[in-house]
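In what follows, every chain begins at residue 1, and chains take the letters A, B, ... in the order their sequences are listed. Keep in mind the model is a prediction, meaning the values are calculated, not measured. All values below come from the heavy atoms of this structure, side chains included, with hydrogens, waters and symmetry mates left out.
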2 protein chains.
Amino acid sequence: MTPRKIPQSNLYLREEELRRGIELLYFAYRDFTRDPDEILAKSRFGRAHHRVLYFVGRSPGITVSGLLSILRITKQSLSRVLGELVEQSYIRQETGTEDRRQRLLYLTDKGEAFERQLFASQRDRVARAYKVAGPEAVAGFWEVLLNIVDDDERDSVLKHIEK
Amino acid sequence: MTPRKIPQSNLYLREEELRRGIELLYFAYRDFTRDPDEILAKSRFGRAHHRVLYFVGRSPGITVSGLLSILRITKQSLSRVLGELVEQSYIRQETGTEDRRQRLLYLTDKGEAFERQLFASQRDRVARAYKVAGPEAVAGFWEVLLNIVDDDERDSVLKHIEK
DNA sequence: CATATATGTCAACAACACTGACATATGCCG
DNA sequence: CGGCATATGTCAGTGTTGTTGACATATATG
């Protein structure tokens, strides 16, 4: 009951709550990626291809460097994955109109169909979670995740999700 | 204004909301893993070692198969990582008392110190996010994540986080 | 024209996952 | 006790995804 004990107890509680968030993030992400992974395993693509299809589908006409700053990988890594998707006609490239150095990326019909299939596998899981938890929980879910993102990335994430 | 248009509009809204969750999960996870990755890069360990240290620290005396079902990787994959941690005295193994086939895993003092350093790097990020978002948002964050987890895994996750 | 930027490419390498096959120690059941 | 199951360990080969470093080409910009 000394004053010193109170902050210590709060710190302990705090750590438990923080670990709970860390673990839930880990477990949810672990299961959340399994749905598309199973579909991808049947093709010769992997998770990296999925991410490219996802973000090109989400931002048609995105440039290579735009994609790089979302994915935060090197251009050499992206190049391999993107090259395979282009070569197999899931993605097409157009030379930029304003800046002809840029390559603007778009999903082809084939790519769009595949992306929708991959999305569908995650959609059901997330939709169920939203439904069970309810709209207020969902708002909290978004709010906390947004604040976990790097401070200097938050604006760019907001631009993405508020489209 | 025909009845047909209403469900279509709802579906569209729904998809936007689902994609928002998917993207926030992606971006938050991307940044959330960067803190420990930077520390790990200075050692000769990687993200896989971190996960093992984390869950052994969280459940002292966990068995190898217990760890395998949390990590959902093969024993061959775990073996390499765990072997390195044991060999460098971050983790020690004890033969199970009830079942002598089991190897019970514990962090050494060295392992505990390293785990706390890794945890600290994520703690600040999550603590700030909790603080900015507020307690109700945090409850929603937990609730949605828990429901994103596989149905048949939810009990085991609950057992974990409610310790 | 000179420099910067956007993109592409080659090569070597590392982390982390997988499959398949086999080995050892221990528990448990009839 | 003998036989089968389980917990763990190990060897070998492979694939995906990331890295660094070096260099090339086309285009923009001052």
Neighbour count >12 (heavy atoms, 6.0 Å) for atom CD, Glu136(B): no
First of Leu82(B) and Arg72(A) reached from the 5' end of DNA chain D, by closest nucleotide: Leu82(B)
Atom CZ of Arg34(A): over 12 foreign heavy atoms under 6.0 Å: yes
Centroid-centroid distance, Phe27(A) to Phe55(B), less than 6.0 Å: yes
Polar pair under 3.5 Å, donor/acceptor by atom type, side chain Arg103(A), base dA26(D): no
Side-chain N or O of Ser77(B) closer than 4.0 Å to phosphate OP1/OP2 of dC18(C): yes
Nearest non-hydrogen partners of Asp31(B) and Ile148(A), listed with the distance: CB-O, 4.4 Å
Spacing between Ile73(A) atom CD1 and dA14(C) atom P, to the nearest angstrom: 20 Å
Lys110(B) atom NZ: more than 12 heavy-atom contacts under 6.0 Å: yes
Spacing between Ile62(B) atom CD1 and dT8(D) atom C1', to the nearest angstrom: 15 Å
Crowding at CG, Asp109(B) (>12 non-hydrogen neighbours, <6.0 Å): no
Rounded interatomic separation in angstrom, taking CD from Glu38(A) and C1' from dT16(D): 18 Å
Sugar-phosphate only, base, or nothing, as touched by Arg47(A) at under 4.0 Å among non-hydrogen atoms: sugar-phosphate
Tyr26(A) ring center near Tyr54(B) ring center (under 6.0 Å): no
Sugar-phosphate, base or nothing in reach of His50(A), heavy atoms under 4.0 Å: nothing
Contact list for DNA chain C against residues 93-101 of chain A - heavy-atom distance below 4.0 Å: Gln93(A), Arg101(A)
Any His49(B) side-chain N or O less than 4.0 Å from OP1/OP2 of dA15(C): no
base_contact_polar (dG13(D) base, Gln76(B) side chain, donor-acceptor, <3.5 Å): no
Interatomic distance, Leu68(B) CG vs dT6(D) P [rounded to whole Å]: 16 Å
Out of dA6(C), dT10(D), dC16(C), whichever nucleotide has its closest atom nearest the side chain of Ser65(A): dA6(C)
Asp37(B) CG to dT19(D) C1', straight-line distance once rounded to whole Å: 13 Å
Interatomic distance where CG belongs to Leu67(A) and P belongs to dT7(C) [whole Å]: 10 Å
Any N/O donor-acceptor pair, Arg80(A) side-chain to dG18(D) base, under 3.5 Å: yes
